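Quick caveat: nothing in here was measured; it's all calculated off a predicted structure. Proteins come first, then strands; the chains are lettered A, B, ... in the order of their sequence lines, and each starts at number 1.
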Amino acid sequence: MDVSINDSVLAVVTVGKEKVAGQAPIFYARDEAEMERIAIYISRITGGIVHDLENGVYIIVKH
Amino acid sequence: MLTTLARISFAIAMGVLARYYMLRVDYRQYPSYPHGYVIHMSLGLIAASLGALAIPALLKRDYMAVTILALAAQQFREVRDMERRSLERVEETELVPRGAAYIEGIARVFEARNYLAMLVGLIVSSVVFLAPFHLMLDLILGGVSGVVSMFILNKGMVGGRVGDIAVVRQAELRFAGSLLMVEDIILTNIGLRESRERYLSNGLAVIIEPKDDNARATLANLGQRQAIAHDAATIMGVRLDVSEPEFVPLARLSTKTGRVAFVILPIEKDIESLLEAIRRVPVLESAKRSPLRTLAGRYAED
């Protein structure tokens, strides 16, 4: 039996430091390209899906 | 004595034949394994024997023997349980799961098919024992009645298909920012540009429009939508792996119109065969709703 936490934010990746705070692991990226790359890495590692909040913030959610 | 034996074995053989006829391998690839065949054929043999022996037992005024049929029903409930358990176990290894409703449907069919084999055995043995002719003619009559009942029962067991209750047509998928949309229905948010490009180049979108309020309620059922996703993925293949869950086929409902938008990244990008695959998805017994059969439901119809 494979147990995992679903529908919760696993990580936040952002280029705008002032936009995020709180519980989930937050990764600050230098620019959009780095943000995209970090998001891919985390999503491939955790099996989560990258969602774009369209304000310079990506969240990775496991469904 | 010998003729009695011949009649009984003939009835059993017809029952087993009926079970075999219902056990064809179809696109669901289940039960395509040789061992699955052995299990179901042996159970079919038992079912057919029980059905076939009921009439000769009654003729011998052995009324207690008939109660064994009740015991048989108990046994075949186990079959449903067995099917359900084994399907639930392989579910974890499926990239696009069947869903609990589909599994329940398949398990129920397997239980019911044993009763059908029993029924065919019963019908054939009634004919071969009660027909007043000599052995050969009785057997021929039994054979005819067996084949006819096999076809009738099999026809009666065929349920509806999605194509019967809904119009399935091609649609365009597009992105509004990072939202994956089909017409006015939002399916999900795809964050990565690369993934969006893959959707645009490889994805196919389909709109499933319910024909009436009954169909609308049926398509809203999550189990029915999962069954559509599973069958479409089985037939068309799907560009998907565990590390890329954003490409899981999605079926989302427009709560306004009751239409279902379906998106998949098939291995073969062929819209015609995808439409046909979805039209042929069975309507699950457990998902079937008929609000229009009630007075309140008819009042609510627009």
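- Contacts of R196(B) with chain A are made by side-chain atoms alone, with heavy-atom separations under 4.5 Å and no backbone atom involved.
- Annotation: cation-pi geometry satisfied between R198(B) and F247(B) (NZ/CZ under 6.0 angstrom from ring centroid, within 45° of ring axis).
- Per-residue counts of heavy-atom pairs under 4.5 Å with chain B were compared for I45(A), T46(A), I49(A), D52(A); the largest is that of D52(A).
- Only the side chain of E54(A) has a heavy atom closer than 4.5 Å to any heavy atom of chain B.
- In this structure, the side chain of K17(A) does not engage the main chain of Y28(A) through any donor-acceptor pair within 3.5 Å.
- Counting heavy-atom pairs closer than 4.5 Å to chain A, the top-ranked of the candidates L179(B), V248(B), I190(B), N189(B) is N189(B).
- Remark: aromatic rings of Y58(A) and H51(A) are distant, center separation not under 6.0 Å.
- Summarising the geometry of E246(B) relative to Y199(B), their closest heavy-atom pair is O-OH, 2.7 Å, with the distance given to 0.1 Å.
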